[in-house]
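As structure tokens, the structure follows; a few thoughts come after it.
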Protein chains: 2
Amino acid sequence: MRASAASEIATVDRILDVAERLVQTLGFNGFSYGDVAGELRITKAALHYHFPTKGALGSRLVARYGEAFRGALAEIDAAESEARRKLARYARLHAGVLRGNRMCLCGMLAADQATLPREMRARVRAFFDANEAWLGGVLEHGRRAGELRFDGAPREQARVLLSALEGAMLVARSYGDVARFTSVAERLLAALAAD
Amino acid sequence: MRASAASEIATVDRILDVAERLVQTLGFNGFSYGDVAGELRITKAALHYHFPTKGALGSRLVARYGEAFRGALAEIDAAESEARRKLARYARLHAGVLRGNRMCLCGMLAADQATLPREMRARVRAFFDANEAWLGGVLEHGRRAGELRFDGAPREQARVLLSALEGAMLVARSYGDVARFTSVAERLLAALAAD
DNA sequence: GTCTATAGGTGGATAGAC
DNA sequence: GTCTATCCACCTATAGAC
């Protein structure tokens, strides 16, 4: 391994980038090694050198996606202190994914759940867990601060929010209409406002 | 075509039953003619006699599912007059689908959207449209009657509800935990209560 | 790290006998 | 309406040369 110039991207990452987009648009059973290889102008055999099986590729995909998301959540925490602004940025995170007709990687894989290797399934759940935990923290803090109003446990309310946003992506994508998502997201957040 | 005894089920319907379950659990790209044929102990060629292409089978599947759902909504309208009770039964409809690890057929197909033939995509949207229209009507009526409280257009609120329920199914299925769905559904309906 | 070549299987779909 | 037989494209994955 040598030092690489800034403009170069390691083959592994280029594979992950293409595969990620394909999974998010077509589903885990809707893309093939051939699709990825063809787009990168390498052979399927070269792909297998980097990722011996499709499941291994999928696992790395979910792991990387989860890390990136956790990074984005940390950025939100660093940039915003108000709960309502944090939630608004969280929703915008998903809206960003939706542009380009992409579904949340883990929402898509949740649909393919029954056909995935064990490890991928576990990682998808871990992604949801992390999102719920973060949302739960924001909700709890926001309610304590008097910014937000809702009944019951923050963690339960977090599940409502996560489910609703994943579903809003799913449905909005059927219409190719991001506004459908943002409209739902705005209503969900407005319902939590204390004023 | 001859009169058939009550216990007999036409081959076409048995095909649709099996295919429906497979799509709801595995996704449209996660099942094959071979799977259906194997389960019914007929050959793939026999399947092609009834449904020349996979897309034709899929279209019939969505059409039938939509009709069944409309029937269920009509039943709810006939049995209940209060908006809150209608919505509760609507949520129970989805909970029933979720048992047996099934996803809403159209929610699943929404994930597979990009890989579907045009006609199937249109039928999936029609399903969502019909659900939104029915929910919008119930919400509007419920608010007028003072049973429900929410801001904005009923049709917009209907989209929130539909998205959230679809998403709740998607996420709950990852955990194999129907309670996750019912908990979210109850919170959504409680948030609409006027009291 | 990428290639050619290929294995071994399965995908959807068709032809023609019964 | 169901079968056998078959087509061809594609799938994931491996072996071995460069």
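Letters A, B, ... are given to chains in the order of the sequence lines, protein chains preceding strands, and every chain is numbered from 1.
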State which of [options] makes the closest approach to the side chain of [X].
X	options	result
Ala45(B)	dA5(C), dT14(C), dC11(D)	dT14(C)
His48(B)	dA13(C), dA13(D), dC11(D)	dA13(C)
Tyr49(A)	dC11(D), dT2(C), dA13(C)	dT2(C)
Lys54(B)	dG12(C), dC11(D), dC3(D)	dG12(C)

Rounded to whole Å, please give me the gap between [atom1] in [X] and [atom2] in [N].
X	N	atom1	atom2	value
Asn29(B)	dT10(C)	CG	C1'	14 Å
Phe51(B)	dG12(C)	CZ	P	15 Å
Lys44(B)	dT10(C)	NZ	C1'	7 Å
Leu26(B)	dG11(C)	CG	C1'	15 Å
Leu40(A)	dG1(C)	CG	P	15 Å
Ile42(B)	dT4(D)	CD1	P	12 Å
His50(B)	dA13(C)	NE2	C1'	16 Å

- Query: Would you find a donor on one side and an acceptor on the other, under 3.5 Å apart, between the side chain of Thr182(A) and the backbone of Ala179(A)?
  - Reply: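 Such a contact is found between Thr182(A) side chain and Ala179(A) backbone.
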- Query: Does any non-hydrogen side-chain atom of Arg144(B) lie less than 4.5 Å from one of Glu140(B)?
  - Reply: yes
Reckon [X] touches a base, only the sugar-phosphate, or nothing at all at heavy-atom distances under 4.0 Å?
X	answer
Thr43(A)	base
Phe31(B)	sugar-phosphate
Tyr33(A)	sugar-phosphate

- Query: Only one of Lys86(B), Arg70(B), Arg85(B) clears salt bridge (charged side-chain N to carboxylate O under 4.0 Å, His left out) with Asp77(B); which?
  - Reply: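 For Asp77(B), the salt bridge (charged side-chain N to carboxylate O under 4.0 Å, His left out) check succeeds only for Lys86(B).
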- Counting just side-chain N and O atoms, does Thr11(B) come under 4.0 Å of either OP1 or OP2 of dT2(D)? yes
- Item | dC10(D) OP1/OP2 closer than 4.0 Å to side-chain N/O of Ser32(A) |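 No, Ser32(A) has no side-chain N/O under 4.0 Å of OP1/OP2 on dC10(D).
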- Message: Would you say that more than 12 heavy atoms from the other residues, nucleotides or ligands in this model lie under 6.0 Å from the NE2 of His48(B), or not?
- Response: yes
- Item | Parallel, tilted or perpendicular: ring planes of Tyr90(B) versus His94(B), cut at 30 and 60 degrees | perpendicular
